[in-house]
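Written below as structure tokens is the structure these notes are about.
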Amino acid sequence: MNDALKTDPLAGVTGDRPVVARFCPSPTGNPHVGMARTALFSWAFARHHGGKFVFRVEDTDQSRDSEESYNLLVDVMRWLGLDWDEGVEVGGDNGPYRQSQRMDIYADVAQRLLDGGFAYKAYDTAEELEERREKARAEGRPSGYDGLHRDLTDEQRAAYEAEGRQPVIRFRMPDRDYTFDDLVRGPITFGADNVQDFVIVRANGQPLYTLTNPTDDALMGITHVLRGEDILSSTPRQIALYEAFAQIGVGSGVTPRFGHLPYVTGAGNRKLSKRDPESNLLGYRDDGFLPEGLLNYLALLGWSLPAVDGEEKDVFDLAEMVEAFEIGRVNPNPARFDLVKCEAINGDHIRRLSVEQVTERLLPYFQKAGLIADPATDDEAAVLAAAAPLVHERISKLTEAVDMLRFLFVAEDEFTVDETDAAKQLDEKGLTTARAAHDALAGLETWDTESIEAALRAALIDGLGLKPRLAFGPVRVAVTGSRISPPLFESLELLGRERTLARLSAALSS
RNA sequence: GCCCCGUUGGUCUAGCGGUUAUGACGCCGCCCUCUCAAGGCGGAGAUCGCCGGUUCGAAUCCGGUACGGGGUACCA
């Protein structure tokens with residue numbers, strides 16, 4: 001966290017070229033929140049520096065990747081509003097942007113690394129490797145590849161092939177230490193003894209992430225790599241690969257800067273896994289989170305807006321984040337995802353919306369719940385528009401509005417009253433109150449909020465001598481079905497005289 | 001085992017050698033009030049993982065150590 005140790009993020013790599021950052025998930029399973037935060041920080045970094053943002057998909061593992069997951073990824077990026085200048089679906093000069101469509105490129109790069117002596121074929125079997133690994137570990141040595149096949153002669157290779165062994169291709173790590181200046185952590189050094197030769201192409205000819213990721217970053221002109229700390233320890237390998245690329249003419253010859261973002265953890269201290277329901281990004285959309293609310297909360301996990309005049313501000317939108325985002329301010333320590341705070345921040349964002357905007361955002365949730373037709377009728381749209389202000393500041397997720405306003409949209413024969421609430425509020429006294437309310441409202445000439453309030457106050461508070469909370473409780477439960485509801489008089493106006501009186505009558509006769 | 005990263009109230013976070021250690025979420029109380037929220041006010045809650053060192057002075061700098069996390073794959 002000592003920024004003095006960290007150099008300018010733009011130093012060394014850009015020159016007069018613009019910043020190019022990227023997000024490159026692999027399409028396995030549901031997109032999760034840690035992924036979204038990585039995307040957000042990379043995106044904000046690119047935008048802050050006026051650079052480009054590339055969205056690439058790393059689908060090189062056929063056994064784990066799926067088309068469905070790919071579609072989800074695109075869908076969620078669009079929902080979040082993290083737009084990309086180059087990448088899947090939108091194209092660009094350095095495509096294609098799905099690694100499964102770039103296999104010929106990797107084969108070519110691997111061959112050139114082989115030809116240049118930067119990589120070699122290794123014929124060890126899995127069993128042999130395992131045995132040597134165990135031994136090294138037992139002796140307290142690092143357990144990576146021991147380099148046994150580093151310098152095989154032609155005869156030795158021929159002999160292995162005669163046995164029918166298929167070689168992997170391994171990258172030859174230069175025998176030296178690697179130090180790089182991490183954008184969020186400062187200088188980090190890996191000793192030569194601890195970074196071994198690694199596989200870049202499988203025995204079956206498929207390239208691995210270890211090759212495809214740096215190859216694409218080099219070819220796509222990526223200047224800044226922001227990613228999870230889980231791959232911090234593979235950074236020296238990638239730097240070595242870049243140095244080889246410079247010599248065989250892959251990419252521009254410049255090594256990007258790296259920044260490793262901390263984990264987002266769940267309960268306990270475990271990294272939030274794809275299987276945790278809390279990590280499912282699209283679940284947040286279904287639950288009624290606003291993309292700007294979720295993103296704001298995610299930004300807070302490891303980053304904060306600098307205080308202005310001693311004032312700290314933690315509710316902000318993407319534009320404000322872009323304006324202020326500095327990678328050097330990102331916290332290197334992991335942060336726990338707190339759903340309750342996420343909801344609170346989301347509520348703040350809902351309240352920032354205009355009534356028109358909330359209404360618009362609410363509509364699909366009512367349609368999904370089957371309360372409003374798709375497309376909405378003029379009448380439904382009008383009721384929703386009139387009701388939205390009643391719940392606007394009462395909800396922290398859009399779906400909460402659906403529950404609060406259900407009584408307005410539900411078909412009359414499907415209207416139900418919460419049993420517990422009815423038991424508490426519609427006892428003998430409550431029914432007396434409800435009857436008085438019914439009679440007062442039945443004779444009302446003008447059906448609007450003011451008249452309704454005046455009539456009920458006159459009948460229940462002045463007439464029956466009740467305290468306000470005792471007076472309105474039974475009416476609320478009978479008419480909205482719950483002890484908790486939007487403001488009562490406004491609700492009754494929207495419900496209309498007929499339905500209001502019918503529900504009060506129903507309560508009296510049950 | 002070996003390598004790397006991290007450690008400030010329950011959670012997130014400010015802090016960059018001198019502060020009564022910042023703010024947010026949550027929690028408690030009060031105000032407002034037709035319920036629930038929102039809003040306002042106030043409160044509890046941190047000897048800054050631990051031990052040494054440097055310094056007149058350390059949450060801040062240095063060295064150890066403990067604990068947590070990650071890596072150590074023909075996953076990414």
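The chains referred to below are lettered A, B, ... by the order of the sequence lines, with proteins before strands, and numbering in each begins at 1. Please read all numbers here as calculations on a predicted model, not as lab measurements.
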A:R185 side-chain N/O to B:rG6 phosphate OP1/OP2 under 4.0 Å: no
Should A:R476 be listed as having a side-chain N or O under 4.0 Å from OP1 or OP2 of B:rC36? no
With a 3.5 Å limit on both atom pairs, tell me what B:rA46 is paired to, counting Watson-Crick and G-U wobble, or say none. none
Any donor-acceptor pair under 3.5 Å joining the side chain of A:R141 to the base of B:rC2? no
Assigned partner base of B:rC61, Watson-Crick or wobble definition, under 3.5 Å: B:rG53
Taking only the C1' atom of each, what is the distance from B:rG10 to B:rU35 in whole angstrom? 30 Å
Counting any heavy atom closer than 4.0 Å, what does A:F190 reach on the DNA or RNA strands: base, sugar-phosphate only, or nothing? sugar-phosphate
Using a cut-off of strictly less than 4.0 Å, decide whether A:N333 has a side-chain nitrogen or oxygen near OP1 or OP2 of B:rG68. no
Pairing partner of B:rC25 (Watson-Crick or G-U wobble, both distances under 3.5 Å): B:rG10
Measuring only the C1' atom in each nucleotide, how far is B:rG45 from B:rC28? A whole number of Å is fine. 11 Å
Taking the same atom, P, in B:rG6 and in B:rA14, what whole-Å distance lies between them? 14 Å
Under 3.5 Å for both donor-acceptor distances, Watson-Crick or wobble: does B:rG39 have a partner, and if so which one? B:rC31
Looking only at B:rA14, B:rC75, B:rU11, the nucleotide nearest the A:N331 side chain is B:rA14
Closer to the 5' end of RNA chain B via nearest nucleotide, is it A:N194 or A:R351? A:N194
Categorize A:G302 for me: base, sugar-phosphate, or nothing, with a 4.0 angstrom heavy-atom threshold over every strand shown. sugar-phosphate
Derivation and outcome, salt bridge (Lys or Arg N to Asp or Glu O under 4.0 Å), residues A:R56 and A:D217: CA-CA 10 Å; A:R56 174 175 83 227; A:D217 282 345; 3.0 Å; yes
Nucleic acid contacts - residues 226-238 of chain A versus RNA chain B, non-hydrogen atoms under 4.0 Å: A:E229, A:D230, A:I231, A:L232, A:S233
Please measure how far the P atom in B:rU22 lies from the corresponding atom in B:rG43, and state the result in whole Å. 12 Å
Output a table of donor-acceptor pairs, distance under 3.5 Å, between side-chain atoms of residues 232-240 of chain A and any protein atom two or more places apart or on a different chain; print 'none' if there are none.
residue, atom, partner, partner atom, Å
A:S234, OG, A:I231, O, 3.0
A:T235, OG1, A:R227, NH1, 3.2
A:T235, OG1, A:L232, O, 2.8
A:T235, OG1, A:H260, NE2, 3.2
A:Q238, OE1, A:R227, NH2, 2.4
A:Q238, NE2, A:Y209, OH, 3.3

Say you pick atom C1' in B:rG26 and the same atom in B:rU72; how far apart are they, in whole Å? 40 Å
What is the nucleic acid contact for A:P487, judged by heavy atoms within less than 4.0 Å: base, sugar-phosphate only, or nothing? base
Sugar-phosphate only, base, or nothing, as touched by A:D124 at under 4.0 Å among non-hydrogen atoms: base
With the side chain of A:A335 defined as its heavy atoms from C-beta on, choose the nearest nucleotide among B:rC25, B:rG69, B:rC12. B:rC12
How would you label the contact of A:F337 with the nucleic acid (heavy atoms, under 4.0 Å): base, sugar-phosphate, or nothing? nothing
Mark yes or no: A:R176 above the aromatic ring of A:Y178, with NZ or CZ under 6.0 Å from the six-membered ring centre and no more than 45 degrees from the axis. yes
Students often get this wrong, so: under 4.0 angstrom with heavy atoms, is A:L300 touching a base, only sugar-phosphate, or nothing? sugar-phosphate
Checking side-chain polar atoms at under 3.5 Å, does A:T359 have a donor or acceptor matched by the opposite partner on A:E356? no
Any A:S304 side-chain N or O less than 4.0 Å from OP1/OP2 of B:rA24: no
Return the CD1 to CE distance between A:I395 and A:M404, rounded to the nearest 0.5 Å. 7.5 Å
Integer-rounded Å distance: B:rA73 C1' and A:D146 CG: 15 Å
Going through the distances and angles, do A:R98 and A:D59 end up as a salt bridge (Lys or Arg N to Asp or Glu O under 4.0 Å)? CA-CA 7 Å; A:R98 293 184 68 168; A:D59 52 350; 3.2 Å; yes
Describe the nucleic acid contact of A:A203 in one word from base, sugar-phosphate, nothing, applying a heavy-atom distance below 4.0 Å. base
How is A:G140 classified with respect to the nucleic acid when contacts are heavy atoms under 4.0 Å: base, sugar-phosphate, or nothing? sugar-phosphate
Taking atom P in both B:rU11 and B:rU47, compute the distance separating them and give it to the nearest angstrom. 12 Å
Sort out the partner of B:rA73 for me: Watson-Crick or G-U wobble, both distances under 3.5 Å, none otherwise. none
For A:W303 and A:F41, I'd like to know if the aromatic rings sit close, meaning centre-to-centre distance below 6.0 Å. no
Looking only at side-chain N and O atoms, does A:R336 come under 4.0 Å of OP1 or OP2 in B:rG26? no
Rounding to the closest angstrom, what is the interatomic distance between B:rC48 and B:rA21 at atom P? 11 Å
Have a look at A:S485 and say if it touches a base, only the backbone sugar-phosphate, or nothing, with a 4.0 Å heavy-atom cut-off. base
To the nearest Å, give me how far apart CD (A:E400) and C1' (B:rA38) are. 13 Å
In this structure, how many angstroms lie between the P atom of B:rG71 and the CZ atom of A:R137, rounded? 13 Å
Between CG of A:L290 and CG of A:L295, what distance do you get to the nearest 0.5 Å? 10.5 Å
Do A:Y145 and A:D124 meet the criterion of a side-chain donor-acceptor pair at a distance under 3.5 Å? yes
Out of B:rU22, B:rA76, B:rG15, minimum distance to the side chain of A:R329 belongs to B:rG15
Would you indicate what A:V340 reaches in the nucleic acid, counting non-hydrogen atoms under 4.0 angstrom: base, sugar-phosphate, or nothing? sugar-phosphate
Could you state the atom-to-atom distance from CD1 of A:I345 to P of B:rA38 in whole Å? 13 Å
What distance, rounded to whole Å, do you find between the two C1' atoms, one in B:rC61 and one in B:rC25? 33 Å
What is the nucleic acid contact for A:T189, judged by heavy atoms within less than 4.0 Å: base, sugar-phosphate only, or nothing? sugar-phosphate
How close or far is atom P of B:rC2 from atom CD of A:E134, stated in whole angstroms? 15 Å
What nucleic acid atoms does A:E311 come within less than 4.0 Å of, heavy atoms only: base, sugar-phosphate, or nothing? nothing
Only residue of A:R165, A:H149, A:E161 satisfying side-chain hydrogen bond (donor to acceptor under 3.5 Å, both in side chains) with A:Y123 is A:E161
N/O donor to acceptor pairs below 3.5 angstrom from side-chain atoms of residues 457-468 of chain A, sequence neighbours left out:
residue, atom, partner, partner atom, Å
A:R457, NE, A:E453, OE2, 2.8
A:R457, NH2, A:E453, OE2, 3.0

Which nucleotide in B:rA38, B:rC25, B:rC34 has an atom nearest any side-chain atom of A:K341: B:rC25
Start at the 5' end of RNA chain B and walk down; is the nucleotide closest to A:T125 or to A:M404 reached first? A:M404
Give the rounded distance in Å between these two atoms: CZ of A:R483 and P of B:rU35. 13 Å
Return the value, rounded to whole Å, for the distance between atom CG of A:D197 and atom P of B:rA73. 13 Å
